[in-house]
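A short worksheet on the structure shown next.
Atoms within a ligand are numbered from 1 in the order they appear, just like the ligands themselves.
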Amino acid sequence: MTAKPRRKFWGWGHVGQGYTDADMLPFEAEFAEAFGTDGFSADPFPKAENITLAAPRLAIPDSLKDVCTHDHWERLVHTYGQSFHEQVRRMAGDFAGAPDVVAFPRNEQDVADLLDWCARNDAAAIPFGGGSSVVGGVHPDVGDRFKATVSIDMARMDQVLEVDPVSLAARIQAGVYGPHLEAQLKPHGLTMRYYPQSFEFSTLGGWLATRGGGHFATGWTHIDDQTESIRAVTPAGTHDSFRLPGSGAGPSQDRLFLGSEGSLGIITEAWMKLVKRPTFRNNAAVHFQSYWDGVQAVRAISQSGLNPANVRLLDHNECKYSGTGDGSTAVLILGFESADHPMDAWMARAMECALDHKGFLPDESKAAQDDPRAGAAGRWREAFIKGGYLREMLTARGIIKETFETSTTWDRFESFYTAVHDATREAVERETGKGAAVACRFTHVYPDGPAPYFTFIGQGQRGRMREQYDAVKNAASDAIIKHHGTITHHHAVGRDHMPWYEQQRSAVFAGALAGAKKAVDPAGIMNPGVLLPPQR
Ligand SMILES: Cc1cc2nc3c(=O)[nH]c(=O)nc-3n(C[C@H](O)[C@H](O)[C@H](O)COP(=O)(O)OP(=O)(O)OC[C@H]3O[C@@H](n4cnc5c(N)ncnc54)[C@H](O)[C@@H]3O)c2cc1C
């Protein structure tokens with residue numbers, strides 16, 4: 001029997017997966033040129049046997065011994081998500097704030113028993129899906145307000161329980177990871193077609209709890225659009241809703257849990273809308289000399305009612321640093337798909353919109369048309385899929401590379417992009433004293449505005465990287481709020497975005513949310529510090 005692969009506690013994926021030092025040579029050459037430096041040296045990854053954790057403050061009772069552990073490796077894995085701060089801390093062997101206990105519930109009764117146990121023992125309960133949060137959503141360091149912390153990992157609740165082939169929906173347990181979910185739907189000829197970049201190591205419960213955004217660039221974009229009903233266990237009892245295609249019965253019950261980020265309860269299962277597996281596909285990569293022409297083309301397509309599955313505009317730097325192109329053009333990756341009818345007419349009309357705005361197809365694009373794995377679209381896809389594995393390798397080399405995402409309306413977009421881009425670039429240059437790269441792509445596009453996703457890259461100084469990162473992140477986030485963007489389009493609030501989320505929401509709403517939390521989590525044990533200041 002082959003051993004179950006273990007999650008890395010120092011980075012993304014399973015032990016043995018990811019880039020090698022040799023794979024990193026082209027990246028090093030590219031960044032050395034961008035920063036004007038000679039090269040990079042890599043710090044070693046931490047070793048479990050060299051890390052000492054504080055002794056667990058909570059004993060596991062016999063009644064929960066089959067679902068709880070003090071295992072050293074599991075406590076390391078569950079200390080952090082995937083934010084920049086967390087990566088720098090784990091590289092330094094700093095695992096302060098590790099959970100005292102890691103729990104793996106098998107069913108809803110286990111979840112209810114765990115929350116009850118946490119409340120009785122004054123322990124904070126931190127729901128954990130795949131741990132792919134990039135906003136400090138799963139880090140259990142809640143200070144000394146609690147006597148202990150318990151990370152509740154949903155991975156054992158990973159089944160598709162029912163499929164409704166008539167309405168095209170399925171009842172699915174929250175702990176299922178993307179690949180296992182799709183593997184269970186495949187025999188039914190159905191798919192959720194929800195592909196966040198973190199697909200491999202994130203779960204349905206995490207997607208719902210963060211209101212994540214998946215594969216579709218238009219139409220169904222946020223996971224909310226695909227949700228029929230949700231079941232969640234809270235310290236005050238179990239929430240369940242009817243499965244409905246839509247409802248106008250008062251404020252949506254499910255909306256309370258969509259985006260609740262573990263602060264109200266634990267989502268255990270949901271009925272999710274599915275689609276038939278697509279059989280008709282059209283793809284194209286259109287180039288633009290001017291980024292702003294590309295923006296106008298995307299606006300025209302987004303307002304045409306064509307609803308492409310993919311309409312991702314990559315600016316010049318995004319093309320260069322993702323390896324999609326040489327940086328001399330902006331590129332629009334366009335894709336249509338259907339299980340029902342050919343999409344040639346849709347693609348033809350979208351191409352007209354693109355060509356009307358000075359888009360053009362170089363020979364390579366013409367040759368690669370209709371094959372999403374070829375040409376510029378293929379190179380972008382490859383970089384996208386492997387993106388998660390790059391972070392640990394770059395951080396080890398003292399390179400700061402981070403992303404943030406937002407959305408704003410078309411009427412503001414030009415000034416918004418310029419302000420956010422410039423604030424970010426200036427901050428990287430100021431903090432690093434070297435060249436900086438800032439890149440942008442659209443992850444989602446609506447008729448009234450795009451969701452731009454920025455990447456910044458700079459050379460860090462070992463020992464100061466978190467400070468440097470904060471200066472850049474603060475500058476970018478301040479510019480976003482000042483120019484009327486959202487602090488997050490799909491990465492969630494977590495602990496890291498709280499200062500800007502508090503500026504973005506109204507005081508009335510904050511009070512209503514605090515009231516809801518008090519009703520479902522009277523002792524305030526659920527993921528304290530996320531969405532609301534700790535209420536104790
Ligand atoms: C490389 C990379 C790429 C990414 N790409 C995308 C992307 O394309 N789109 C996108 O939307 N996000 C993306 N993210 C962010 C992240 O993957 C999403 O936020 C994802 O939805 C989190 O899912 P998870 O299962 O890993 O949840 P976790 O990270 O484990 O948890 C996230 C939050 O949800 C809570 N939570 C988890 N499970 C439950 C549950 N069952 N009930 C209640 N609360 C729960 C946690 O307490 C935490 O607050 C990316 C992250 C990485 C590292």
For this session: Could you tell me whether Gly212 and ligand 1 have an N or O pair separated by under 3.5 Å?
Result: no

Exercise. So, Asp224 and Thr227: side-chain donor and acceptor under 3.5 Å apart, yes or no?
Worked result: no

Exercise. For ligand 1, which atoms have a heavy atom of Thr210 less than 4.0 angstrom away?
Worked result: 19 (O), 20 (C), 21 (O), 32 (C), 33 (C), 34 (O)

For this session: Could you check atom 42 (N) of ligand 1 against the protein and tell me its nearest heavy-atom contact, residue, atom and distance included?
Result: Ile267 N, 2.8 Å

Exercise. Can an N or O of Thr203 be found at a distance shorter than 3.5 Å from an N or O of ligand 1?
Worked result: yes

Exercise. Taking the non-hydrogen atoms of Val138, is any one of them nearer than 4.0 angstrom to ligand 1?
Worked result: yes

Exercise. Hey, which atoms in ligand 1 end up nearer than 4.0 Å to a heavy atom of Phe128?
Worked result: 30 (O)

For this session: Sequence neighbours left out, what passes ring-ring contact (aromatic ring centres under 6.0 Å, His included) with Tyr177? Give chain and number order.
Result: none

For this session: Using distance alone, determine whether Gly131 and ligand 1 share an N or O pair under 3.5 Å.
Result: yes

Seminar exercise, completed: When rounded to the nearest 0.5 Å, the distance separating CD of Gln82 from CH2 of Trp12 is 5.5 Å

Exercise. If you measure every N/O of Ser202 against every N/O of ligand 1, is any gap under 3.5 Å?
Worked result: no

Exercise. How far is atom 27 (O) of ligand 1 from its nearest protein heavy atom, and which residue and atom is that?
Worked result: Gly206 CA, 3.5 Å

For this session: Please report which non-hydrogen protein atom sits nearest to atom 48 (C) of ligand 1, along with the residue it belongs to and the distance in Å to one decimal place.
Result: Gly137 O, 3.5 Å

Exercise. How close does the nearest protein non-hydrogen atom get to atom 14 (N) of ligand 1, and which residue and atom is it?
Worked result: Ser198 OG, 3.7 Å

Problem set entry | Numbered atoms and elements of ligand 1 in range of Ala209, under 4.0 angstrom, heavy atoms | 34 (O), 35 (C), 36 (N), 43 (C), 44 (N), 45 (C)

Problem set entry | Modelled atom types, side-chain donor and acceptor of Gln253 and Ser241, under 3.5 Å | no

For this session: Please confirm whether Gly265 comes under 4.0 Å of ligand 1, counting heavy atoms of the residue only.
Result: yes

Exercise. Taking 4.0 angstrom as the limit, do Asp225 and Lys273 come out as a salt bridge?
Worked result: no

For this session: Compute the minimum heavy-atom distance from Ile126 to ligand 1 and say whether it is under 4.0 Å.
Result: no

Exercise. Looking just at side-chain N and O atoms, do His85 and Asp496 make a donor-acceptor pair shorter than 3.5 Å?
Worked result: no

Problem set entry | Per-atom contacts, ligand 1 versus Asn527 - under 4.0 Å to a heavy atom | 47 (O), 49 (O)

Problem set entry | Lys/Arg N to Asp/Glu carboxylate O, Arg193 vs Glu182, below 4.0 Å | no

Problem set entry | Nearest-contact summary for atom 11 (O) of ligand 1 - protein heavy atom, Å | Gly213 N, 2.8 Å

Seminar exercise, completed: When distances are taken from atom 5 (N) of ligand 1, the protein heavy atom at minimum range is Gln197 CB, 3.3 Å

Exercise. Who's the nearest protein heavy-atom neighbour of atom 12 (N) of ligand 1, and how far?
Worked result: His491 CD2, 3.7 Å

For this session: Give a yes or no on whether the backbone of Thr443 and the side-chain of Arg312 come within a donor-acceptor separation of less than 3.5 Å.
Result: yes

Seminar exercise, completed: For Gln82, the ligand 1 atoms with a heavy-atom partner under 4.0 Å come out as 53 (C)

Exercise. Parallel, tilted or perpendicular: which fits the ring planes of Tyr417 and Phe413, with parallel below 30° and perpendicular above 60°?
Worked result: tilted

Exercise. Under a heavy-atom criterion of less than 4.0 Å, does Trp12 contact ligand 1?
Worked result: yes

Problem set entry | Passing option when His222 is tested against His490, His489, His491 for ring-ring contact (aromatic ring centres under 6.0 Å, His included) | His489

Exercise. Hey, which of Phe454, Phe84, Tyr453 is the one that makes ring-ring contact (aromatic ring centres under 6.0 Å, His included) with Phe404?
Worked result: Phe454

Exercise. In terms of ring plane angle, is the pair His78 and Phe128 parallel, tilted or perpendicular, where the classes change at 30° and 60°?
Worked result: tilted

Exercise. Roughly how far apart are His239 NE2 and Ser229 OG, rounded to 0.5 Å?
Worked result: 8.0 Å

For this session: May I ask you to list the atoms of ligand 1 that are less than 4.0 angstrom from any heavy atom of Gly129?
Result: 25 (O), 28 (P), 30 (O), 37 (C), 38 (N)

Seminar exercise, completed: Any heavy atom of Glu261 under 4.0 Å from ligand 1? The part involved is both

Exercise. Identify the closest protein heavy atom to atom 18 (C) of ligand 1: which residue and atom is it, and at what distance?
Worked result: Ser132 OG, 3.9 Å

Exercise. Does one side chain, of Lys4 or His14, offer a donor that lies under 3.5 Å from an acceptor on the other?
Worked result: no

For this session: Could you tell me whether the side chains of Arg381 and Asn310 share a donor-acceptor contact shorter than 3.5 Å?
Result: no

Exercise. Should Gly130 be counted as touching ligand 1, given the test is an N or O pair under 3.5 Å?
Worked result: yes

For this session: Would you mind running through ligand 1 and noting each atom that sits below 4.0 Å from a heavy atom of Gly388?
Result: 1 (C)

